[in-house]
Every structure is written in structure tokens, then in C-alpha cells.
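Reading through the C-alpha cells given below for one structure.
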There are 2 protein chains.
Amino acid sequence: MIENMPHRSTSHEVLAVVFQVRRLDTRTPRLSVLLWERAMAPQRGSWSLPGGQLRDDEDMTSSVRRQLAEKVDLREVAHLEQLAVFSQPDRVPDSVFGGRAIASTFLGLVPAPATPALPSDTRWHPVDALPPMAFDHETMVANAHTRLNAKLSYTNIGFALAPQEFALSTLRDVYGAALGYQVDATNLQRVLVRRGVITPTGTTAKSGPGGGRPAAMYRFIESRYRVTDEFAALRPPG
Amino acid sequence: MIENMPHRSTSHEVLAVVFQVRRLDTRTPRLSVLLWERAMAPQRGSWSLPGGQLRDDEDMTSSVRRQLAEKVDLREVAHLEQLAVFSQPDRVPDSVFGGRAIASTFLGLVPAPATPALPSDTRWHPVDALPPMAFDHETMVANAHTRLNAKLSYTNIGFALAPQEFALSTLRDVYGAALGYQVDATNLQRVLVRRGVITPTGTTAKSGPGGGRPAAMYRFIESRYRVTDEFAALRPPG
DNA sequence: CCAAAAGTGTTCTACATACACCCATGT
DNA sequence: ACATGGGTGTATGTAGAACACTTTTGG
């Protein structure tokens with residue numbers, strides 16, 4: 001492959017860090033990210049973020065949507081936002097795109113319940129146990145995770161991870177999985193109700209086997225991203 | 001000019017929103033942004049952000065630095081960070097870069113006291129009284145201003161706007177100019193000292209004409225960007 | 001001695017955590 | 001009855017805003 005030619009071309013790729021809170025086994029759910037396994041060199045066998053080259057006539061948001069549609073049902077992506085740009089000239093070898101490639105990353109969120117069929121090379125991986133990853137994609141995942149955690153504090157972004165209707169214990173698990181520490185359902189309720197983010201639906205869930213009081217169901221008041229309280233904070237315990 | 005050809009080229013430009021808190025007249029200082037006036041079509045006479053095309057062999061941070069060096073003394077830029085990408089295919093007419101141009105924006109900060117000579121087409125403009133601006137550059141300034149204000153709350157980013165040593169009343173003016181509301185010097189001191197962001201130097205300033213108690217001088221403990229308190233908030237009065 | 005500017009101390013409020021206690025359901 | 005999970009109410013801590021009062025200078 002030719003490297004360091006004076007006028008190598010510059011292309012632009014778009015990559016999506018798509019998160020969902022998923023329960024793998026019977027244990028508590030984990031924050032997971034959508035990855036596909038590279039079948040060809042370079043870095044064959046390592047895992048990549050979904051994405052691809054930006055076309056000359058599309059903007060980046062359209063491009064991410066187009067490329068994601070090959071991996072998941074787009075109607076399930078409840079939130080999508082720009083993250084950062086990665087522009088080291090050698091971040092991917094020239095052989096991949098026939099030159100140097102700038103990457104723009106996006107954060108995508110998929111609500112908890114459903115996930116449809118995935119292509120055979122594509123899988124969800126818990127972010128706390130990532131497989132070997134291609135190029136600088138691991139950094140991108142960390143970056144996205146940080147952004148998500150920050151926004152859980154001061155926006156209503158949880159709507160894009162939680163089911164349409166949910167018990168508070170479910171919401172607690174969703175927040176807990178994303179933030180990486182145990183969240184108190186009691187306080188979570190008070191905080192989010194006070195801020196006008198969630199509201200009771202009036203219905204209640206059934207008790208599970210072994211009894212227990214039936215849980216009141218809640219829903220997010222808006223299902224569009226909004227900054228709810230610029231200065232709000234969800235602090236870790238301790 | 002040719003438009004909507006199936007394979008128009010895509011180029012990449014880098015633009016910097018450089019802020020400084022400046023006193024224009026005798027009144028309180030204002031947050032200002034560095035702009036240059038377009039001498040040629042399109043949009044001749046409107047004002048643009050400094051920047052230009054990314055080269056094939058440089059990363060974006062290097063590119064901003066290179067392009068900024070044509071406008072200001074780079075040693076004065078105390079902070080530089082990535083903002084957002086603007087990728088609408090028609091955000092600038094094809095005639096400018098011979099095709100479509102994606103723009104990556106950066107936030108730059110210059111400390112208060114000095115400003116060296118500028119090129120004749122370049123001037124500082126208060127952000128609350130911007131001149132007619134080219135393309136989507138006004139949006140970019142607004143975007144940068146929002147980011148700066150958020151970071152004043154939970155980081156030590158003020159170091160990049162304040163002089164090396166300063167009285168608290170000066171720092172109050174710097175914060176006030178950026179945030180757009182009056183800040184109480186008393187509380188600012190307590191908050192920033194408690195967080196370990198600023199510290200007294202031991203020296204005091206001279207009193208001005210008409211007297212007044214001499215002010216104790218302070219400095220920022222670190223002059224590197226740092227998140228000081230993830231959950232901190234500086235709220236507006238009222 | 002008075003005005004001007006800086007600094008100190010005190011109070012007040014609001015938000016968020018912690019935790020003990022009460023409620024509703026299944027077996 | 002009692003275990004299991006859900007919900008309510010109360011205390012506690014803390015960061016930050018508000019503001020009155022004191023200190024130090026110049027004229």
C-alpha cells in the first residue's frame with residue numbers, strides 16, 4: 001500500500017456508538033454497544049462500530065441513519081446526537097479507504113425491550129467487557145459512555161433507553177446500568193417527578209412470583225430530547 | 001458555478017471561535033470574538049470566523065493552530081477544544097471550495113490583558129452585537145458561547161480568559177462578561193477557593209484613584225484545562 | 001472624616017441523599 | 001402469617017446565593 005504520498009486523498013467516515021441496556025442472563029442488565037466483526041484485513045476478527053463513508057450529497061445525520069439501517073431497525077433508534085471528530089492522519093491505515101479518513105462519531109440510543117434480528121456478523125457487547133476493537137473505536141465507546149452519563153443528570157435522555165411504560169425499579173436498573181453504580185429508586189422517582197420528566201400513568205404492574213406490592217407504572221412526559229435542568233446532578237452514592 | 005453534480009468533491013474546513021473578554025470603552029468589559037471581513041464574493045463585506053481548509057496530512061488541532069497563527073499570536077491562545085461539525089451539503093456555495101465543505105469548529109480562548117496587532121481585515125466584535133456574518137458562522141458563535149458558559153460552571157476554564165494574576169473584582173468582570181449576568185465576587189471567591197481552582201498569591205494590588213481597600217491578588221492553581229467538579233453549578237441571580 | 005472598594009460573617013434556600021417505616025400482594 | 005417487593009415520609013448534608021457589616025485605602 002502507498003503511504004505518505006504528498007497528495008493522498010481525505011475521505012470522511014461516520015461511526016455510531018449505539019447503546020442499549022440489555023439483560024444477558026438472569027442478573028441485572030448491562031449497558032451494551034452494537035458492534036460488528038471484521039471479516040477482512042486489516043484487523044480481521046476485531047470488532048468495529050457500525051458506519052461507513054459519508055457521501056458527497058448527504059449530511060452526517062442522514063449518513064448515520066442510512067448506515068445504521070443496515071444493522072438495526074431504525075425506528076428503534078430513539079435518540080441520535082453528534083459526538084466528536086477523530087482526525088489523526090494515521091488513525092486508520094491508508095489501505096482501508098484509499099487514503100486518510102476523518103471520523104465523526106455519533107451517540108445512538110435504543111430503548112430497552114425489543115431488539116430485532118441482527119446481521120450474523122453483528123452483536124451487542126457489554127461496555128464493561130468489550131472484545132478486541134478495531135483502530136480507535138474503543139476510545140470512541142468510552143467517549144460516548146461519558147457523554148451519556150453526563151446527560152442522564154441534566155436532560156430527559158433516559159426516555160431513549162427506557163421502555164415506553166415502566167415500573168420505577170426498571171428505570172432504576174436502566175440508570176444503574178448506564179451510570180455504573182446502584183441508583184436508589186425512591187430518590188430517582190422524586191427527582192424526575194419534581195423536574196417534570198416522568199409521570200405516573202395510573203396503571204399498575206402485576207406482582208411477580210413470590211408476591212410483592214404491585215408497582216405503579218410511569219412514562220416519560222416527552223419523548224424528544226430536552227435539557228430539563230441545566231444545573232441538575234445525579235451523584236453517585238457515598 | 002456547477003451545482004448538484006453527482007460527484008462533486010467534499011473538502012473539509014476548520015473554523016475557530018476565539019473569545020476574549022475585552023473592555024471597549026470605560027464601561028464593563030464584554031465577551032468578544034475574533035472575525036475577519038470578507039473582501040471577495042460570495043458574501044463580500046460579511047464577517048467570517050478564522051480558519052481554512054484542512055490539509056491531507058494534518059490533524060484538525062494542528063490545522064486550527066496553523067490557520068490561527070495568521071491572525072493572532074498563537075502563544076496567547078490558552079485553550080483550544082473541539083466543538084461541533086456542520087455538514088449540511090449546501091452550507092456554503094460550491095463556488096467557495098470547488099464543491100461541498102464540511103466544517104469542524106473549535107473554541108479558542110485568549111486571556112484578558114494583551115492583544116497584539118491584528119491584520120487589517122481582522123477585528124474583535126462583542127458577541128452581543130455581532131456584525132452581519134457569513135454562511136452559518138453566527139450559529140457557530142452561539143454554539144461556542146453556550147459551551148463556554150457551561151464549562152465555566154464545572155471546570156477551571158476561566159484560567160484561559162483571566163490574566164495571570166488578578167483581583168477578584170477583575171475575575172468577577174470576566175465571568176460576568178462571559179455569562180451575561182452579574183456575578184457576586186464574594187461568592188465567586190468562596191466557590192473557586194473551595195474547589196481548589198484559585199489561590200491567593202499573597203500580594204495585593206494598589207488602590208485606584210479615589211481610594212478603596214487594596215485588593216488581594218489571586219491566580220489559577222492550574223493553567224491546564226481540568227474538570228474540577230462534575231456536578232458544580234454557577235446559577236444566575238434571581 | 002467621608003467616600004470608595006474589598007473582604008468577612010451569617011443566614012437562607014433548594015436539591016439531593018439516606019434511611020426508617022408503612023403498604024399491598026402471593027404462597 | 002410472612003416473605004417479598006413497592007411506596008411514603010422525614011432527617012440530614014451541602015453547595016451556592018443573598019446581604020449586612022467591617023476593613024482599608026485615597027482625598
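Computed from a predicted structure; not experimentally measured. Proteins get letters first, then strands, A, B, ... in listed order; numbering begins at 1 in each.
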Below 3.5 Å, can you tabulate the donor-acceptor pairs from side chains in residues 118-126 of chain A to any protein atom, sequence neighbours excluded?
none

Item to check | Atom pair CG/CD of A:Leu83 and B:Gln82 - distance to nearest 0.5 Å | outcome: 10.0 Å
Next on the checklist: At 4.0 Å (heavy atoms only), tell me whether A:Ala185 reaches a base, stays on the sugar-phosphate, or touches nothing.
Outcome noted: nothing
Next on the checklist: Just the rounded figure in Å: distance from C1' of D:dT14 to CZ of B:Arg195.
Outcome noted: 13 Å
Next on the checklist: Check this for me: A:Glu222, atom CD, are more than 12 non-hydrogen atoms of other residues, nucleotides or ligands nearer than 6.0 Å?
Outcome noted: yes
Checklist outcome for this item: Whether each nucleotide of nucleotides 2-12 of chain D has a protein heavy atom under 4.0 Å at its base (B), only at its sugar-phosphate (S) or at neither (-) is summarised, 5' to 3', as --BBBSBBB--
Acceptor/donor pairs from residues 13-21 of chain B side chains to any protein atom, 3.5 angstrom cut, sequence neighbours excluded:
residue : atom : partner  : partner atom : Å
B:Glu13 : OE2  : B:Arg91  : NH1          : 3.0
B:Glu13 : OE2  : B:Arg91  : NH2          : 3.1
B:Gln20 : OE1  : B:Arg22  : NH1          : 2.7
B:Gln20 : OE1  : B:Thr115 : OG1          : 2.9
B:Gln20 : NE2  : B:Pro111 : O            : 2.7
B:Gln20 : NE2  : B:Ala112 : O            : 3.2
B:Gln20 : NE2  : B:Ala114 : O            : 3.1
B:Gln20 : NE2  : B:Thr115 : OG1          : 3.2

Checklist entry - Hey, does the side chain of B:Arg194 come within less than 4.0 Å of D:dT14's phosphate (OP1/OP2), counting only N and O? => result no
Checklist entry - Going 5' to 3' on DNA chain C, which nucleotide is the first and which the last to come under 4.0 Å of a heavy atom in chain A? => result C:dC15 to C:dG26
Under 3.5 Å, side-chain donor or acceptor atoms of residues 201-216 of chain B against the rest of the protein: list the pairs with distances, not counting sequence neighbours.
residue  : atom : partner  : partner atom : Å
B:Thr201 : OG1  : B:Thr203 : N            : 3.3
B:Thr201 : OG1  : B:Thr203 : OG1          : 2.8
B:Thr201 : OG1  : B:Met217 : O            : 3.3
B:Ser207 : OG   : B:Gly212 : O            : 2.5

Checklist entry - Between B:Thr170 and A:Asp229, which has a closest nucleotide on DNA chain C that is more 5'? => result B:Thr170
Next on the checklist: Pair A:Glu81, A:His79 - check side chain to side chain contact (heavy atoms under 4.5 Å, CB included), show working.
Outcome noted: CA-CA 7 Å; A:Glu81 76 176 55; A:His79 178 74; 2.8 Å; yes
Next on the checklist: I want to confirm an ordering. Mapping B:Asp184 and B:Ala233 to their closest nucleotides on DNA chain D, which one lands closer to the 5' end?
Outcome noted: B:Ala233
Would you mind writing out the side-chain donor-acceptor pairs for residues 163-177 of chain A within the sub-3.5 Å range, not counting sequence neighbours?
none

Checklist entry - Does a sphere of radius 6.0 Å around CD in B:Glu230 hold more than 12 heavy atoms from other residues, nucleotides or ligands, not counting ones at 6.0 Å or beyond? => result no
